[in-house]
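Ligands are counted one by one from 1 in listed order, and the atoms in each one are counted from 1 as well. Since the model is a prediction, treat every value here as computed from it, not as a measurement.
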Amino acid sequence: MIRLPKFRYYSPRTVREAVAIRADAGPESAFVAGGTDLYPNMKRRQQTPKVVIGLSRIPALRRVRFGSEGVAIGSAVPLSTVEHNRRIRRDYPGLARAIEEISTPPLRNMGTLGGNLLLDTRCNYYDQNYEWRQAIHFCLKKDGDVCWVAPGSPKCLAVQSADSVPILIALNARAILVSSAGPREVAVEDLYRDDGIAYLTKRPEELLAEIRVAKPDGWRGSYRKLRRRGAFDFPVLGIGAAVRREGLAVAEARLVLGGVASGPIRLTRAEEALRGRALDPSSIADAAEAAAGPSKPMDNTDFSVVWRKAMTRSYVAAALRDLLTG
Ligand SMILES: Cc1cc2nc3c(=O)[nH]c(=O)nc-3n(C[C@H](O)[C@H](O)[C@H](O)COP(=O)(O)OP(=O)(O)OC[C@H]3O[C@@H](n4cnc5c(N)ncnc54)[C@H](O)[C@@H]3O)c2cc1C
């Protein structure tokens, strides 16, 4: 059995209290929501905070609010609550689908939407216990100085693997971040960097409070995920797709690729291939072809990289075909 290291645990009741504790405790501290990512990482000594600040008892972070602008989902809302919310299923079926595809029902009861957005990047050389990593002299992401995926690489190549991220970016969602300096709002798209270590633009002391998705207003989204098993497995390719049509023609499209790089990738050429055209087999095939170029999977997750790259076309096409019925 792998045990957690010792740490001090705080359970604040307000966001203000949580960010004050974080500011006092400094870089040796971390927020925890469901703990389905942080605690396994702590057991493997990948993350070793001395102070852990629990967010699950802060009522303000556990609300789903619908308003004239759209929906605001508290960061500590469990994934299963998002997944089963009737209005989310009706208005944002692509988001509900992405969440349904995360791990397993017990983990979706524990895991939260905010924790999913901030999920640590993953890699076959990193997601191992301490002794395994020690045997290879660790890796660039933690305790070592070589990226075993590409030993010449100056940066860590661990992979963005959160299922909600591609569809939230496709839906142009916004995130509210709070620190002791006050709140700020950013596009979810701008939360990420293509770097396996510094994969977030969020400052470490900032708490993710809320995720906002605008009213659908003609937009419809879908998510398709490639993984080995029908449950439990992380994505090794994830496609978030959203389009807004005027009449038969696609007025706007947003396509996002996850699970192949350290950050999510906007598929802008594929988006252009759709704009002004009917969503039909010809435009879908052109978009799928344009999506394959930027898809450069690395050999640090499941399946062969060649096959995953080839699957990009099929998965983009499938995500777009989902939208034909919307
Ligand atoms: C067996 C297994 C299978 C899994 N499969 C999948 C999968 O298929 N797809 C997938 O996407 N994920 C998967 N996960 C990962 C995880 O369960 C989910 O990503 C979940 O949503 C994480 O949420 P959490 O609340 O448990 O995060 P936590 O573990 O609580 O936190 C994750 C990270 O975010 C930080 N954090 C959390 N909330 C906040 C906040 N509000 N503000 C600032 N920082 C915060 C924490 O400090 C930590 O660094 C799997 C996990 C396991 C163990």
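- Considering backbone and side-chain atoms together, Pro235 places no N or O closer than 3.5 Å to any N or O of ligand 1.
- Among protein heavy atoms, atom 13 (C) of ligand 1 sits closest to Phe234 CE2, 3.1 Å.
- Among all protein heavy atoms, the one lying closest to atom 2 (C) of ligand 1 is Leu107 CD1, 3.5 Å.
- The closest approach between any non-hydrogen atom of Gly35 and ligand 1 is below 4.0 Å.
- Under the 4.5 angstrom side-chain criterion for Ile, Leu, Val, Met, Phe, Trp and Tyr, the cluster partners of Val149 are Tyr125, Trp132, Ile136, Val146, Trp148, Leu157, Val159, Met298.
- Nearest to atom 10 (C) of ligand 1 by heavy atom, out of Ile99, Leu55, Thr112, Asn116, is Asn116.
- The protein atom (non-hydrogen) at minimum distance from atom 3 (C) of ligand 1 is Phe232 O, 3.3 Å.
- A salt bridge links Glu100 to Arg89: one of the charged nitrogens lies within less than 4.0 Å of a carboxylate oxygen.
- The pair Arg254-Glu252 does not count as a salt bridge, with every side-chain nitrogen at least 4.0 angstrom from each carboxylate oxygen.
- In summary, Asp127 and Arg122 engage in a salt bridge, as defined by a charged side-chain N under 4.0 Å from a carboxylate O.
- Under 4.0 Å from ligand 1, not a single heavy atom of Met42 appears.
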Would you list the atom pairs, donor with acceptor, under 3.5 Å between side chains in residues 226-236 and any protein atom, with sequence neighbours excluded?
| from | atom 1 | to | atom 2 | distance (Å) |
| --- | --- | --- | --- | --- |
| Arg227 | NE | Arg229 | O | 3.2 |
| Arg227 | NH1 | Glu101 | O | 2.9 |
| Arg227 | NH2 | Gly230 | O | 2.8 |
| Arg228 | NE | Asp302 | OD1 | 3.3 |
| Arg228 | NE | Asp302 | OD2 | 2.7 |
| Arg228 | NH2 | Asp302 | OD1 | 2.8 |
| Arg229 | NE | Asp233 | OD1 | 3.1 |
| Arg229 | NE | Asp233 | OD2 | 3.0 |
| Arg229 | NH2 | Asp233 | OD1 | 2.5 |
| Asp233 | OD2 | Arg229 | N | 3.0 |

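- Seen from the ring of Phe66, Arg87 counts as a face-on cation partner, given the 6.0 Å and 45° thresholds.
- For ligand 1, the polar-atom distance check against Leu38 finds a nitrogen or oxygen pair separated by under 3.5 Å.
- Contact atoms of ligand 1 toward Ser75: 41 (N) (distance under 4.0 Å to a heavy atom of the residue).
- If you check which protein heavy atom lies closest to atom 36 (N) of ligand 1, you get Leu118 CD1, 3.9 Å.
- At a threshold of 4.0 Å, the pair Lys141-Asp120 counts as salt-bridged, since one of the basic side-chain nitrogens sits closer than that to a carboxylate oxygen.
- Leu208 O, 2.8 Å is the protein heavy atom nearest to atom 41 (N) of ligand 1.
- Looking only at heavy atoms of the protein, atom 4 (C) of ligand 1 is closest to Ser103 CB, 3.2 Å.
- At a heavy-atom distance under 4.0 Å, no atom of Ala76 approaches ligand 1.
- Close N/O approach between Thr36 and ligand 1 is found [any backbone or side-chain N/O within under 3.5 Å].
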